[in-house]
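Only one structure is covered here, and it is reproduced in the block below.
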There are 2 protein chains.
Amino acid sequence: MIATSQDVADRAGVSRSTVSQILNGRGEHFAPETQARVRRAVAELGYEPSAAGRALAKGSSDIVIALIPDTTFGGNLQDIYGGLTDELSRRGLTLVLRLSTHTAASLDRLVIGMKPRAILSLTPFSDDDRQLLERRGVEAIDPQSASHPDVNAEIGRLQARHLIDRGYRRLAYAHLHDARSDTFGGPREREFADECRARGVDAPQIVALGINAEDAAVALDQLGGPGFAIGCYNDDVATALLHAASLRGWRVPQELALIGMDHTPLSRLTTPPLTTVEYDTTLVTEATVQSVLSRLDKEGFSAAHTEVRLRVIEGGTS
Amino acid sequence: MIATSQDVADRAGVSRSTVSQILNGRGEHFAPETQARVRRAVAELGYEPSAAGRALAKGSSDIVIALIPDTTFGGNLQDIYGGLTDELSRRGLTLVLRLSTHTAASLDRLVIGMKPRAILSLTPFSDDDRQLLERRGVEAIDPQSASHPDVNAEIGRLQARHLIDRGYRRLAYAHLHDARSDTFGGPREREFADECRARGVDAPQIVALGINAEDAAVALDQLGGPGFAIGCYNDDVATALLHAASLRGWRVPQELALIGMDHTPLSRLTTPPLTTVEYDTTLVTEATVQSVLSRLDKEGFSAAHTEVRLRVIEGGTS
DNA sequence: AGAGGTCATTGACGCGCGTCAATAGCCGCG
DNA sequence: CGCGGCTATTGACGCGCGTCAATGACCTCT
């Protein structure tokens with residue numbers, strides 16, 4: 001019912017070992033005609049090696065696990081992982097997504113069980129996790145260890161730069177209140193603040209809110225009055241603040257400027273549409289693929305240092 | 001470095017076979033003290049069986065793959081899969097997410113490679129896929145085969161019922177334009193229309209739009225003028241239509257009524273806030289877990305017929 | 001005391017595959 | 001004719017585990 005390498009061998013009239021070697025790169029030692037016969041048999045039988053068998057023999061599978069943070073997974077993130085799935089599959093790796101479960105124990109179970117080739121996370125691993133993964137012999141790939149620069153840092157920096165260039169001097173940064181969803185808040189805020197410092201602007205005030213009218217109102221209260229320009233964790237945060245400002249009668253952008261992040265479709269439908277930051281997901285995908293491959297193939301991939309291209313989308317909120 | 005069942009056996013002073021049986025339910029035949037020794041050794045070594053070995057020996061792994069449709073994956077869907085991950089892991093199954101890749105071939109590769117115990121989809125499998133999966137001996141679980149009723153049918157019905165109860169008589173249904181994202185559009189529209197028929201209301205007009213101002217404007221044009229009540233595929237669609245209506249000066253809900261779906265945080269921040277439909281994701285999770293277990297454990301789980309609870313959230317658009 | 005019977009435990013096998021060391025065939029050179 | 005040196009191919013082993021027939025120990029009943 002389901003073809004094994006033995007079936008392929010029989011059909012091609014060679015030994016199973018021959019099949020295995022030809023399919024695993026050791027093919028150069030074999031007569032061209034033999035290779036052809038084997039490949040033909042593979043095609044005819046629709047043979048696909050069993051991951052279990054491979055994993056057992058090699059000690060690790062061809063599976064790459066991406067840990068999905070508890071952030072809203074949609075839009076851009078989904079595009080990135082979609083691209084990653086395709087690209088890695090083109091290289092014989094199977095990308096699989098796993099919603100992160102917060103407990104180190106279950107991470108351990110997952111890793112031991114599936115023996116993934118690598119484990120991918122968009123947020124830095126804790127020291128515990130990193131240690132755990134190393135002990136299990138799994139490549140742990142996170143933004144810090146990746147060869148490409150951290151996108152999130154760039155985002156915070158760009159938001160601040162834009163606002164300052166526009167002439168705003170009283171800045172603030174707005175996190176998502178729920179720390180689990182504010183996955184990238186740390187680095188973004190840090191670089192946002194750093195850019196302020198570099199440009200001689202007062203350190204930003206920091207607020208945090210959930211995506212609802214009450215939280216947004218409270219956040220505005222904390223600022224103490226109009227006159228701020230706020231870098232927002234994402235477009236949803238910006239939308240909430242925009243809503244609250246509108247209820248309060250603050251004029252946007254004159255009395256409250258906002259810059260979001262993500263360029264979601266809905267960010268075009270607010271009044272006024274949001275000023276926000278867009279990024280090219282294909283580049284992030286590429287960069288991540290590079291990171292993964294360079295860590296797996298010992299031969300040190302060229303790590304083409306793909307740059308992540310960010311772009312400010314001018315809206316009416318800045 | 002990484003404990004195997006042999007290590008456990010050595011430490012407990014028994015044979016590997018004993019360990020294997022005790023850990024796999026055949027434990028009743030063993031002396032209580034032996035069981036205790038084995039379990040202690042397992043704990044001390046942090047032993048976790050290798051999925052590869054298991055899969056090889058048993059012919060299928062403990063992995064359940066959920067195919068993620070190309071819809072926006074966030075909010076509710078994410079909650080559902082998060083719950084599913086936890087619940088299944090409690091039952092010894094590892095849920096893993098896979099962005100759907102549209103090509104039957106790659107599905108095949110995935111299935112042959114990982115030998116999943118079951119494969120889960122929120123959208124019905126095509127006949128080809130179903131046939132493929134059956135041939136590979138994988139349980140294919142989709143809404144049609146699930147033991148619980150189809151949520152999407154209920155959603156369409158509820159939207160129509162709400163609008164009709166409110167006195168609206170000229171109804172329309174608004175799909176997402178991109179068929180890939182309009183994953184559940186089919187059943188929802190069907191039941192929406194069916195409810196109209198049952199209530200003696202004219203069949204709804206059908207439109208489709210992307211989440212942007214232009215598409216929404218075109219959709220309004222297609223309706224031919226104000227006076228409609230629209231059941232929307234989701235809150236984003238409703239938001240787009242609300243935006244377009246507002247630009248056009250149509251009064252909501254007097255001249256255009258809307259009911260969305262999902263009860264997203266952003267749906268509370270439109271002006272007026274959307275009337276929408278909320279559902280209890282924990283119930284969906286439960287129902288799905290039941291479906292999965294009843295298909296895997298031959299012993300026909302009681303299939304507790306958990307009902308999916310939907311609730312209309314009154315906003316200002318109906 | 002021996003036959004029969006339980007209960008606790010083990011040994012051996014195979015799942016599908018990757019990896020060498022080992023073999024067989026061949027040619028050229030001395 | 002024999003030997004070394006190729007190249008093409010194969011055999012045997014082990015990865016970690018589940019399964020089941022088989023073993024051994026012990027007890028009861030005749």
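Labels below follow one simple rule: chain letters A, B, ... track the order of the sequence lines, proteins then strands, and each chain is numbered from 1. Keep in mind that this is a model prediction, so the values were computed, not measured. FYI, side chains are in, hydrogens and waters are out, and symmetry mates aren't considered; it's all heavy atoms of this structure.
Checking the phosphate oxygens (OP1, OP2) of C/dG11, no side-chain nitrogen or oxygen of B/S15 falls inside 4.0 Å. Using a 4.0 Å cut-off, some side-chain N or O of B/T18 falls inside it from OP1 or OP2 of C/dT10.
Here A/L99 contributes atom CG and B/T85 contributes atom OG1; the two are 4.5 Å apart, rounded to the nearest 0.5 Å.
Across the protein-nucleic acid pair, B/Q35 atom CD and C/dA8 atom P stand 9 Å apart, rounded to whole Å. Between the CZ atom of A/R37 and the P atom of D/dA8 there is a distance of 14 Å, rounded to whole Å. For the pair B/F30 CZ and C/dT10 P, the interatomic distance rounds to 8 Å; values are reported in whole Å.
Between B/D280 and B/T282, the side chains place a donor N or O and an acceptor N or O closer than 3.5 Å (distance only, hydrogens not considered). In summary, the side chains of A/S15 and A/T18 do present a donor paired with an acceptor at a separation below 3.5 Å, with no hydrogens or angles considered.
Legend: residues meeting ring pair (Phe, Tyr, Trp, His ring centres under 6.0 Å) with B/Y81, ordered by chain and number and at least two apart, are B/F73.
The existence of a salt bridge linking B/E87 and B/R91 is confirmed by a sub-4.0 Å separation between a basic side-chain nitrogen and an acidic carboxylate oxygen.
Legend: salt bridge (charged side-chain N to carboxylate O under 4.0 Å, His left out) pairs involving residues 2-13 of chain B, not counting sequence neighbours, sorted by first then second residue: B/R11-B/E44.
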Seminar exercise, completed: Heavy-atom contacts, protein to nucleotides 12-21 of chain C, under 4.0 Å, summarised as B (base), S (sugar-phosphate only) or - (none) per nt, yield --BBBBBBB-
